[in-house]
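The structure presented is a predicted model; accordingly, all values stated were derived computationally and were not measured. FYI, the numbering just counts along the sequence from 1. All heavy atoms count here, side chains included; hydrogens, waters and symmetry mates do not.
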Amino acid sequence: MESTTGPDASKTPNSDLPTMFRPPVNRAMRVLDRSFFKKTVPLSAATVFKSSDISRVRGQLHKSRDLLGLPRTSSIREVKVDDEVKKCLLLREGVKYDDAATWSPTINELVENGAVGIGRYDLELDYDYWTYADIMNAILPEDMLEELPQGFTQVGHVSHLNLREQYTPYKHLIAQVLKDKNPTVRTVIRKTEDVGAKSEFRTFPFEFLAGDEDMNVIQHEQDCEFRFDYSRVYWNSRLETEHRRLVNKFRPGEMVCDVMAGVGPFAVPAGKKKIFVWANDLNPHGYEVMQDAIRRNKVNKFVTPFNKDGRAFIRWSANELLQTEPVTVAIQKKQRRSAQKEETPAPPAEVYKRPTLFGHYVMNLPANAIEFLDAFPGVYAGKESLFAPHTSTPLPMVHVYCFSGHSEDEVDDHKDICQRISERIGYTITPEDRVGGSGNVELELAIHNVRLVSPNKQMFCASFRLPKEVAFRQV
């Protein structure tokens, strides 16, 4: 399955299965008993006498809507007739094998022509057949069925389940069924406190609910592989779309400063696209994982990892990059086999020269990244000649992630974000400075709605070009 499924809790209607196909109910169950979920459903079936007629008969019964339309169930079965195995077709539940009045004209015609015989068929259903929602609807108290806990985040083989308080008495039962119904899940955990509540590294306390107590995961994103101990680093699979969106804004050969890089979900995919990145994270284990990901994904020519404080890194890296020896990377294009056989000269290598100035800053620490913006005033003081209009190089874009309220009018959230940014950089930015707005178009402001975290908490990415009044300020 994909890494993420559903919201943390979503409205789950009663099973769309007809009542006769739903699992048996046991609302007193507290320890999962899979053997309880067995059911025999009496149906009717059309036994096809000649194997050569199966396709034709099936087509006719499908057209007349007489076949059983049960999800995850094949309508073709085998039955014994006089010690000989024959194929039969399961019929919709309204058809009674012993009551010809319930037969459609198509069924009557097939019987009269001797193509089929109508008889009883006992359909056996068990735990493996029913879905997670089906089982939950059969064992949770009725007053808890309106919003089943069915959304979770998956990282590698670990499912991270969020549960509302009323469901915690059933947490092990819920986790076990969830694990059973998702083949790629081996471990189910539950967060016991908010992310970062006790760790500056954005990790969170959790408890094991089901499966192996193994937090060493392998996670794939944007054609890159990451291996890490999920209990020691921050990873959110729900952000894959956002990681991809931002990386797609960078051009090959550009220089990016990833200030709070984590294990590298921005930096490593960017490196694969021939984008230079200096990637920094304060978490020593996250730094080690990022080093491994850089090697594993063969992007070491483009991505350089660091393990420093984010605020200090912003100022240090800008100066350090200017003083570091130039780096040139040549990528030899692969020749087609036909060209190799014809001894055609190899195409010229693609050459990328690492810029001495950052084109983008990424600040992915939504809880407090805005606070780190106070490192930017004066970051390029005395270096005005390196930028437009003296050269063709614009000042860098800053992409800062943050949380705000989930207001009825999103403009209110944008005003809040702009005000907080303005306070940290000592320069006024307003929502009107957005692209196409009536304000300062040089700022190229864009505030992207990333995702709704909770009913009153929205995650945003505010992108703006660093104002010259901030970058060149004498401090």
Return yes if some donor-acceptor pair links the side-chain N/O of [X] with the main-chain N/O of [Y] below 3.5 Å, else return no.
X: Asn307; Y: Leu282; answer: yes
X: Lys39; Y: Met20; answer: yes
X: Asp416; Y: Asp412; answer: no
X: Tyr129; Y: Thr73; answer: no
X: Arg315; Y: Pro377; answer: yes
X: Lys457; Y: Ser404; answer: no
X: Asn280; Y: Val259; answer: yes
X: Asp212; Y: Asp214; answer: no
X: Gln176; Y: Leu209; answer: no

Under the salt bridge (Lys or Arg N to Asp or Glu O under 4.0 Å) test, which residues partner Arg296, sequence neighbours left out?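 Once residues adjacent in sequence are excluded, the partners of Arg296 under the salt bridge (Lys or Arg N to Asp or Glu O under 4.0 Å) criterion are Glu225, Asp292.
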For Glu242, what residues pass the salt bridge (Lys or Arg N to Asp or Glu O under 4.0 Å) criterion, not counting sequence neighbours? Arg245
[atom2] on [Y] to [atom1] on [X], rounded to 0.5 Å:
X: Glu221; Y: Cys224; atom1: CD; atom2: SG; result: 8.5 Å
X: Ser159; Y: Phe152; atom1: OG; atom2: CZ; result: 4.5 Å
X: Leu148; Y: Ile174; atom1: CG; atom2: CD1; result: 8.0 Å
X: Ser75; Y: Leu68; atom1: OG; atom2: CG; result: 7.5 Å
X: Ile429; Y: Asn440; atom1: CD1; atom2: CG; result: 8.5 Å

Greater than 12 external heavy atoms within 6.0 Å of [X]'s [atom1]:
X: Glu142; atom1: CD; answer: no
X: Arg251; atom1: CZ; answer: no
X: Lys301; atom1: NZ; answer: no
X: Glu408; atom1: CD; answer: no
X: His448; atom1: NE2; answer: yes
X: Asp128; atom1: CG; answer: yes

Evaluate the ring planes of [X] and [Y], with Trp represented by its six-membered ring, and classify them as parallel (under 30°), tilted (30 to 60°) or perpendicular (over 60°).
X: Tyr230; Y: His160; result: perpendicular
X: Trp316; Y: Phe306; result: perpendicular
X: Phe226; Y: Trp235; result: tilted
X: His243; Y: Phe266; result: perpendicular
X: Trp130; Y: Phe37; result: perpendicular

If a pair satisfies salt bridge (charged side-chain N to carboxylate O under 4.0 Å, His left out) and one of its residues is in [range], list it, with sequence neighbours excluded.
range: residues 166-178; answer: Lys171-Glu207
range: residues 466-475; answer: Glu442-Lys468
range: residues 369-398; answer: Arg311-Asp374, Asp374-Arg424

Looking at Arg34 and Asp126, is there a salt bridge between them, counting it only when a charged N and a carboxylate O are closer than 4.0 Å? no
Below 6.0 angstrom between ring centroids: does that apply to Phe387 and Tyr380?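 Ring centroids of Phe387 and Tyr380 are less than 6.0 Å from each other.
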Among residues at least two apart in sequence or on other chains, which ones pass side-chain hydrogen bond (donor to acceptor under 3.5 Å, both in side chains) with [X]?
X: Asn368; answer: none
X: Arg434; answer: Glu432
X: Tyr352; answer: Glu350
X: Ser231; answer: Asp229

Within the structure provided, determine whether Arg190 and His172 are in side-chain contact (heavy-atom separation under 4.5 Å).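 The answer is no, as the side chains (C-beta and beyond) never meet within the 4.5 Å cut-off.
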Using every non-hydrogen atom in the two residues, find where [X] and [Y] come nearest and quote the distance to one decimal.
X: Thr428; Y: Asp433; result: O-OD2, 4.2 Å
X: Val268; Y: Val263; result: CG2-O, 4.5 Å
X: Met136; Y: Leu145; result: O-CD2, 3.8 Å
X: Asn182; Y: Leu178; result: ND2-O, 2.7 Å
X: Asn137; Y: Arg27; result: O-NH1, 2.9 Å
X: Cys402; Y: Ile370; result: CB-CD1, 3.6 Å

Partners passing side-chain contact (heavy atoms from CB on, under 4.5 Å) against Ala462 (at least two apart in sequence or in another chain): Val400, Ile417, Ile421, Ile447
What pairs with Lys181 under side-chain contact (heavy atoms from CB on, under 4.5 Å), at least two apart in sequence or on another chain?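 Counting only residues at least two positions away or on another chain, Lys181 forms a side-chain contact (heavy atoms from CB on, under 4.5 Å) with Tyr127, Tyr132, Ile135, Val177.
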Indicate whether the side chain of [X] and that of [Y] have a donor and an acceptor atom separated by less than 3.5 Å.
X: Thr153; Y: Arg238; result: yes
X: Asp413; Y: Gln458; result: no
X: Gln154; Y: Ser237; result: no

With a cut-off of under 6.0 Å to the ring centre and 45° to the axis, is Lys191 in cation-pi contact with Phe206?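 So Lys191 doesn't make the cation-pi contact.
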Of all pairs that satisfy side chain to side chain donor-acceptor pair (under 3.5 Å), the ones with a partner from residues 386-399, not counting sequence neighbours: His360-His399, His399-Ser463
